Amino acid sequence: MTANDQSSKALPRILTGDTPTGRLHLGHWVGSLENRVRLQSDYECYFLIANLHAFTTRADKPDEIARDAIEILKDWLAAGIDPERSTIVMQSAVPAITELTWHLSMLLPFNRVMRNPTLKDELEVKGLVDKHSFGFPLYAVGQCADILAFRTALVPVGEDQLAHIEMCREVARRFNHTYCDVDPATPDDKHVEAGGIFAIPQGLVGRVGRLVGVDGVQKMSKSLGNAIFLTDTPAQVKKKVAQLYTGRVDMNAPGDTNNALFQYVRSFIQDPARVAELEDRYRRGDAIGDGHIKAEVAQAIDTLLAPMRERRAKYDAPGQEHALEDMIATHAARANLVTGETLGRVREAMKLSFGARGARAALRSGR
Ligand code: TRP
């Protein structure tokens, strides 16, 4: 089934995405990617590569950003994003998103944007509090535009992104109220019925909101050097899992199943009965060593990654660049159709559609 068949059946839409900053790891998998792969059959899915957002911190590195954007696409396809069913959105290839960012930015008080906790954290962690560009905070508004340009119902994300989704919901309500006469008291799920252009989207967090890294302490992150990448070899996986520090030395000592190792057990061992058994024996200290459990976890991670490695090899093969570029272009055309329609309606609602008679007539007759 193609994305077009899906849209004719009007499945609810999903949009989510990643900023291209390098290879994806297991934290991305359990936090969101796994959800995305699963949801492809029940939703019309749009997966966005936020290459414009990458310029917030690397405006001087266009080559690197272009390379990372392709890397992330390969990681997605390897992970099971199916280009026959879902649409890949290269952000820079969809101008409607940029225009919508401008319009939404007028509806959000500057101080409201700067109070967004995800944005605040990021500025602090990156040491940019008093030296970020003018454009940096704009990416958070841009993220609202990414979502709303597709009139999205559901946004599967990691926990850290929920503050952005909340801001997106706010600005969607405000837009519908300001330009579409939707009563501000309208319940969120009735905005479209009430004449709003935008549905109020909902966030959806994956089963593991925050996967701990192999240091056993911090959230898994490429920059902290504690990540298992989707492209890691079996030997790398084994070595990294073996590093997981638990502090337990005696296989007969009662263990704490809230530790990092057991987060991995629950995240990656597929058989619930085996997970329960391991938990039970670990708690009681029933002759079960951490080394043994780590080997089993590494095995489970390999089972997950093996088909990804295989698919990835296909896209890494020489001559594949053109196929990937073609894919990006065809998918951008689909994305431009959907977002172009949104923008047509937005411009009309905002009384901006001068010189767009043809488009307006087409939209009217389409109603
Ligand atoms: N900010 C997100 C991240 O870095 C990426 C992103 C951009 C996104 N636009 C989005 C996520 C829209 C969900 C919806 O992870």
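Only this structure's heavy atoms are used, side chains among them; waters, hydrogens and symmetry mates stay out. Values in this document were obtained by computation on a predicted structure and should not be read as measured data. Both counts, for ligands and for their atoms, begin at 1 and track the order of listing.
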Neighbouring protein residues of ligand 1 - any heavy atom closer than 4.0 Å:
L15, T16, G17, D18, T19, L48, A50, H53, Q143, D146, I147, V155, V157, Q161

Holding to salt bridge (Lys or Arg N to Asp or Glu O under 4.0 Å), I want the full list of residues that pass it with K238, two or more places apart in sequence or in another chain.
none

Per the side chain to side chain donor-acceptor pair (under 3.5 Å) rule, what does the pair list look like for residues 123-134, sequence neighbours excluded?
E122-K126

Y282 and F262 aromatic ring geometry - parallel, tilted or perpendicular at 30°/60° bounds:
tilted

Mutual orientation of the aromatic rings belonging to H164 and Y139 [parallel < 30°, tilted 30-60°, perpendicular > 60°]
perpendicular

Suppose we screen for salt bridge (Lys or Arg N to Asp or Glu O under 4.0 Å). Which residues come up paired with R266, at least two apart in sequence or across chains?
E279

Between Q91 (side chain) and D146 (backbone), is there a donor-acceptor pair under 3.5 Å?
no

